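Following: one structure in structure tokens, then a few remarks.
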Amino acid sequence: MPELPEVEVVRAGLEPAVTGARVTSVTVLDERSLRRHDGPSEDFVDRLTGRTFLAPRRRGKFLWIPLDDDRVTTPEALVVHLGMSGQVLLREPGTDDALTRIRIDIEHPGAGPLLLNFVDQRIFGSMAIDRLASAPDFVDETVPSQVAHIARDPLDPRFDDARFFTRLAAKKTTIKRALLDQTLVSGIGNIYADESLWAARVHYDQPTATLSRARARGLLSEVRAVLNRALAEGGTSFDAQYLNVNGQSGYFSHSLNAYGQQGKPCPRCGRPIVREQFMNRGSHFCAHCQRVR
DNA sequence: CCGGACTCCTGGTTGC
DNA sequence: TGCAACCAGGAGTCCG
């Protein structure tokens, strides 16, 4: 579900509430939500309880909250991945949310006691305690070990455009597959891939090797524009499956030009948007504006 | 290296 | 109304 804009909305929402807060209690209601934690749930609870949260960080669709390191020598973080249906809801202590898998009670020096409910219908998301290590490309930056293979996202100031174009051209694959490859560029999922391709007038099955540098540049620029617009509108919500930390919907679903718009006229040329199966999911595009060439 | 199939899951919607 | 089939924003592994 959540792609870069939705995860960033969650990160930004958590920042003022959790930074400097101490974890007072951790309850794991469903151990399956610890699939990315290396160890049993008791280990997760022990390593998190009593720790203090630093400012939340994000790369692509991964979110993490670094932990103070006065207890351990290796810096660690609480890593959150929302998967398809995960949410982090900021609540008054004692609040129940349906499908809560992990409950984290915290004490904020200014705001007092707060509750973080990790809610996840499909349990593809997860929480984990992971060690922080130097980023592969910059030693002055740390990322959780399970995020080390994830590329920088297009909104990261250190994203290397030239390297992206070079790697893209060297790939023997097609463009939508490449946009969804989190080791090439992160943060893009099915919605924003379709939206960016529509905006750049590129067909999802265009081979990356034959996509001109100029068109690749145009595409990356549209990716950034789409992500930034979605961010400004609070992300995309179709239903209660994506909400910000306060349980509110984003508004970008009203701005979609291609995703989920099958049968409706293309906002650019008026011909119907079509939907095709690709990579076991839907690809939405305008067969007139977006052609392989 | 690449693509496709398959896995992890639940619950809302659709169609008979 | 009941119920089964289908569908969903992700990502990892395995196999050919």
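Being a predicted model, the structure only gives us computed values, none of them experimental. Just so it is clear: chains get the letters A, B, ... in the order the sequence lines come, proteins before strands, and each one is counted from 1.
Nucleic acid contact class of A/F238 (heavy atoms, under 4.0 Å, all strands): base. Using a 4.0 Å heavy-atom distance criterion, A/R167 is classed as making no nucleic acid contact. Heavy atoms of A/L180 sit nowhere under 4.0 angstrom from any nucleic acid atom.
Around atom CZ of A/R163, no more than 12 heavy atoms belonging to other residues, nucleotides or ligands sit under 6.0 Å away. The local environment of CZ in A/F138 is crowded, with over 12 non-hydrogen atoms from other residues, nucleotides or ligands closer than 6.0 Å.
When each of B/dC8, B/dC6, B/dT10 is scored by its nearest atom to the side-chain atoms of A/N280, the top-ranked nucleotide is B/dC6. For A/R101, the listed nucleotide lying nearest its side chain is B/dT10; candidates were B/dG4, B/dT10, C/dA8. When each of B/dC2, C/dG9, B/dT10 is scored by its nearest atom to the side-chain atoms of A/L99, the top-ranked nucleotide is B/dT10. Side-chain proximity of A/E3 to the nucleotides B/dC6, C/dG9, B/dC8 is greatest for C/dG9. Side-chain proximity of A/R177 to the nucleotides C/dG9, C/dA8, B/dG4 is greatest for B/dG4.
The CD atom of A/Q87 sits 13 Å away from the C1' atom of B/dT10 (whole-angstrom rounding). Rounded to whole Å, the distance from CG on A/L168 to P on B/dC1 is 17 Å. Atoms CE (A/M84) and P (C/dA8) sit 8 Å apart, rounded to a whole Å. One interatomic measurement links the two molecules: CG of A/D30 to C1' of B/dC8, which rounds to 12 Å at whole-angstrom precision. Between the C1' atom of C/dG9 and the CG atom of A/D194 lies a distance of 11 Å, rounded to the nearest Å. One can place CZ of A/F278 at 14 Å from P of B/dC2, the figure rounded to the nearest angstrom. As a whole-Å value, the separation of A/D120 CG from B/dC9 P is 12 Å. We find that CG of A/N190 is positioned 13 Å from C1' of C/dC7, with the value rounded to whole Å.
For C/dG9, there is no paired base (Watson-Crick or G-U wobble, both distances below 3.5 Å). Under the Watson-Crick and G-U wobble criteria, each requiring two contacts below 3.5 Å, nucleotide B/dC9 is left unpaired.
Nucleotides C/dT13 and B/dT10 are separated by 22 Å at their C1' atoms, to the nearest Å. For the P atoms, the distance linking B/dC6 with C/dC6 amounts to 15 Å, nearest Å. For the P atom pair drawn from B/dG11 and C/dT1, the interatomic distance equals 23 Å after rounding to whole Å.
Phosphate contact (OP1/OP2 of C/dG9, side-chain N/O of A/S85, threshold under 4.0 Å): absent. Between A/H81 and the phosphate of C/dG10, there is no side-chain N or O to OP1/OP2 separation shorter than 4.0 Å. In terms of phosphate contacts, A/Y259 brings a side-chain nitrogen or oxygen within less than 4.0 Å of OP1 or OP2 of C/dG9. In terms of phosphate contacts, A/K171 brings no side-chain nitrogen or oxygen within less than 4.0 Å of OP1 or OP2 of B/dC1. Under 4.0 angstrom from either OP1 or OP2 of C/dG10 there lies at least one side-chain N or O belonging to A/K61.
Under a hydrophobic-cluster definition in which Ile, Leu, Val, Met, Phe, Trp and Tyr are linked whenever side-chain heavy atoms come within less than 4.5 Å, directly or via other members, A/I150 and A/L180 are assigned to different clusters. Linking Ile, Leu, Val, Met, Phe, Trp and Tyr whenever their side-chain heavy atoms come within less than 4.5 Å puts A/V23 and A/M127 in one cluster.
Centroid-to-centroid, the aromatic rings of A/F238 and A/Y259 come within less than 6.0 Å.
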Under-3.5 Å N/O pairs linking protein and nucleotides 12-16 of chain C:
unit_1	atom_1	unit_2	atom_2	d
C/dG12	OP1	A/H149	NE2	3.4

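Under 4.0 Å is where a charged nitrogen must lie from a carboxylate oxygen, and between A/K176 and A/D194 at least one such pair does. A/K61 has no carboxylate O lying under 4.0 Å from a charged side-chain N of A/D153, or vice versa, which leaves the two without a salt bridge. Under a 4.0 Å N-O distance rule, the pair A/E233/A/R229 does not qualify as a salt bridge. With respect to the salt-bridge test (charged N to carboxylate O, under 4.0 angstrom), the residues A/R158 and A/D156 do not qualify.
Using a 5.5 Å limit on the distance between ring centres and a 30° limit on the angle between planes, the aromatic ring of A/F124 does not count as stacked on the six-membered base ring of C/dA11.
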